[in-house]
Protein chains: 2
Amino acid sequence: MQVNGVALRPLRALPGRQGLEVIDQRLLPHRLQMRPLHSARDVFVAIREMWVRGAPLIGAVAAYGLALQAGRDASDTALRNTVHFLKGARPTAVNLAWALDRVLAPVLGSPEATRAEVAWREADALAEEDVAVNHAIGRHGLGLIEALAARKAAAGGGPVNVLTHCNAGWLATVDWGTATSPIYQAHAAGLPVHVWVDETRPRNQGASLTAWELGQAGVPHTVIADNAGGHLMQHGRVDLCIVGCDRVAANGDACNKIGTYLKALAARDNGVPFYVAMPTSTLDLAVADGVRDIPIEERSGREVTHLSGRTAAGEVVEVQVVPDGSPAANPGFDVTPARLVTAFITEHGLVAPEAAALRALMKPAG
Amino acid sequence: MQVNGVALRPLRALPGRQGLEVIDQRLLPHRLQMRPLHSARDVFVAIREMWVRGAPLIGAVAAYGLALQAGRDASDTALRNTVHFLKGARPTAVNLAWALDRVLAPVLGSPEATRAEVAWREADALAEEDVAVNHAIGRHGLGLIEALAARKAAAGGGPVNVLTHCNAGWLATVDWGTATSPIYQAHAAGLPVHVWVDETRPRNQGASLTAWELGQAGVPHTVIADNAGGHLMQHGRVDLCIVGCDRVAANGDACNKIGTYLKALAARDNGVPFYVAMPTSTLDLAVADGVRDIPIEERSGREVTHLSGRTAAGEVVEVQVVPDGSPAANPGFDVTPARLVTAFITEHGLVAPEAAALRALMKPAG
């Protein structure tokens, strides 16, 4: 996507395969800064500390992390250790493991002398595939927005109001985003679209990342507290919800940023369609029951008790918002039961939240 | 309740009926500071700007505001104008109008020379009644916690986990609080109780007020992002929800701080009982359908885009958390449909969320 008229992605390979450069997303929306990553250890820190985040993006960054390792020591042991190490950076998103396994297999199948080359090619391919997949998700989601726009135009007009939670935008992927891809494509097609952006406490990825992305792209949007979505749906002010996901189980239960489940409940209670944008790389058929079995990352309570913002003087500072001595809990994700999902928007089209339909997605074409 | 071992209320009359003193709740949890109010205009500002908030407390403070006016000009016109003026300070909580009407009637029925005296007596009586009502709510709610504690003890122990939203604590009332009154009484009775405190964006009344209250009282608690409650309920970590309310309609629909509805949906989806602590002064039989007809205050988007906290240096500063140019919407309340409420905890006991039961509450005893 473009920022100030310049094409930008949240990661790019540095010339000569010396490393990567990623947007340090902790600094947005107040500062846009790239940071270099030169080793698998750098990549681990960038994922763990959430310089980069978003299931598809951490998969792609991890793939390059393995390529960086292959350029230093491409032995089986070193590569396997690196994969194990990087998989531990974040526990919930399945794309991390998926991307590492995907790069590892052809690398291990190659002579050691060519492994770095193979790993870089695989990482590049994986990143470009992510762009294509997200573009396809956008194309399929665009149809939903077109249909709603036509219905609203017939009923007197007004924009299609989309509610989204967290950031499943281009910053969470290599480009386009998953949940935002239909929105960007609708906006580019001239359809009237307005986005309710959930703030997404405690890390505020909606307020700081999604709002920034949409603002840069000129898409009309309004930031709301996470608490507000139920009220808006109750009063007909949301036409559809589109969220991303970090792992989808075989039964269609969808793990995404904490709070997604509450919005899915409100959507169901008010007859608002609730779509989950899902690249098939986020589907984990090895997990039978998502609510029961997807591991939920418990993050530091400090993300709840403290937060960062910009003072009137332009300085970015961290402030404490709870009393001294009050502890906080911070589960990073929740799981929306399949019964609350209207459909998954995948690169292959809309897919019902049912085991058979999801299994069919993973069968080789033809 | 006690703060550092000293009994404290969020409002007290100044000696000689010269005015009131209220805790400036905007400064908590970082600073405990009383502020004097000397006129109805001061009271208006304190309510409008949320130095004081919480349905029962703004009713009591407004009652004293009318008494202050009666000490200056006790003519019918002046008093009626003051009532009209003060009712406009906040639109949603019905207690504000209820308290003003309740004081106005006997004042207008008295000779002008005695009206100030009558108004002060009525305001004092109303404040003391609030304390008694909240204590009774606590007594009735205590039974619910006792029953759960017994059940948990039989099943191997652990505290009763209560989830609450916003601040319906003693800071929201004259004393005890509504939703917190059962909790304080359970804690005092030695029952093991732990409170999940919803942060309650955008104004953070949970993180800044409820957590502070509970900490002062030594009640075990954990602050969570508003997004987390659904996940906790899904995994059996919440035994009951107790929230306050700002207005309850004749059909049992309950208006409370924005986000309450989302927690009620999650409670229903997971079989967690959802109680609304309601002094009968919060019941508004004039509103037939709460979801449709209770006016929802739309507050400034700045409460979403900016927030206050304490820096490491101990300074309280305001920071911006959204990108420049991103607008925000800020509905202050939402309405939980009666079908999601397990029961109201009133000063007269538990009451079903049904029109007939609520109407019966308002009939004179005998």
Side-chain angles (χ1 to χ4, degrees), chain A residues 28-30 196-197 199-202 204 207-208 211-212 214-215 221-232 234 257-263 265-266 269 291 296 301 304-312 316-331 333-335, chain B residues 28-30 196-197 199-202 204 207-208 211-212 214-215 221-232 234 257-263 265-266 269 291 296 301 304-312 316-331 333-335:
Chain A
L28 287 172
H30 307 299
W196 296 110
V197 179
E199 176 182 45
T200 319
R201 284 283 290 148
N204 288 18
S208 59
W212 181 79
L214 294 172
H221 65 282
T222 306
V223 178
I224 50 174
D226 300 304
N227 284 322
H231 169 73
L232 294 174
Q234 206 178 40
K257 183 58 52 196
I258 190 78
T260 302
Y261 167 46
L262 294 170
K263 294 303 143 60
L265 285 167
D269 202 44
V291 170
I296 300 297
V304 176
T305 59
H306 292 68
L307 59 75
S308 286
R310 199 183 65 196
T311 65
V316 175
V317 299
E318 190 187 62
V319 295
Q320 178 178 331
V321 294
V322 306
D324 290 332
S326 283
N330 185 17
F333 301 87
D334 64 19
V335 179
Chain B
L28 285 172
H30 307 300
W196 296 109
V197 179
E199 175 182 45
T200 318
R201 286 280 292 147
N204 287 19
S208 59
W212 181 79
L214 294 172
H221 66 282
T222 305
V223 179
I224 49 174
D226 300 304
N227 284 322
H231 170 72
L232 294 174
Q234 206 178 39
K257 182 60 51 197
I258 190 79
T260 302
Y261 167 48
L262 295 169
K263 295 302 142 61
L265 285 167
D269 202 44
V291 171
I296 301 298
V304 177
T305 60
H306 292 68
L307 59 76
S308 285
R310 198 181 66 196
T311 65
V316 174
V317 299
E318 190 186 64
V319 295
Q320 177 179 331
V321 294
V322 306
D324 291 331
S326 282
N330 185 18
F333 301 87
D334 63 20
V335 179

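Residue numbering restarts at 1 for every chain, and letters A, B, ... go by the order of the sequence lines.
T260(B) does not touch chain A: none of its heavy atoms, backbone or side chain, sits under 4.5 Å away. Both the backbone and the side chain of P327(B) come within less than 4.5 Å of a heavy atom in chain A. Both the backbone and the side chain of P202(A) come within contact range of chain B, judged by heavy atoms closer than 4.5 Å. In this structure, no portion of H306(B) lies under 4.5 Å from any heavy atom of chain A. Of the atoms belonging to P323(B), heavy atoms from both backbone and side chain fall under 4.5 Å from chain A.
Put simply, NZ on K263(B) and CG on L265(A) are 11.0 Å apart, with the number rounded to the nearest 0.5 Å. Between the OG1 atom of T222(B) and the CG atom of N330(A) there is a distance of 12.0 Å, given to the nearest 0.5 Å. Between the CD1 atom of I296(A) and the NE2 atom of H231(B) there is a distance of 5.5 Å, given to the nearest 0.5 Å.
Chain A forms the most heavy-atom pairs under 4.5 Å with one residue out of D334(B), V291(B), I258(B), and that residue is I258(B). For chain A, the option among S308(B), S208(B), G230(B), G229(B) with the highest count of heavy-atom pairs below 4.5 Å is G230(B). Your options are L28(B), V335(B), V197(B), D269(B), and the one with the most heavy-atom pairs under 4.5 Å with chain A is D269(B).
Taking 4.5 Å as the limit, some side-chain heavy atom of V321(A) sits within range of a side-chain heavy atom of L307(B).
Side-chain polar atoms of N227(A) and Y261(B) form no donor-acceptor pair below 3.5 angstrom.
The two atoms that bring S326(B) and V223(A) nearest to each other are CB-CG2, 4.2 Å, heavy atoms only.
Pairs passing the salt bridge (charged side-chain N to carboxylate O under 4.0 Å, His left out) check and including a residue from residues 322-331 of chain A, sequence neighbours excluded, read D324(A)-R310(B).
Evaluation of the side chain to side chain contact (heavy atoms under 4.5 Å, CB included) rule for T200(B) yields H165(B), C166(B), D198(B), Q205(B), D226(B), K257(B) as partners, not counting sequence neighbours.
Distance alone, capped at 3.5 Å, places no donor-acceptor pair between the Q320(A) side chain and the G309(B) backbone.
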Please test V317(A) against V319(B) for side chain to side chain contact (heavy atoms under 4.5 Å, CB included), starting from the C-alpha separation and ending with a verdict. CA-CA 8 Å; V317(A) 299; V319(B) 295; 3.6 Å; yes

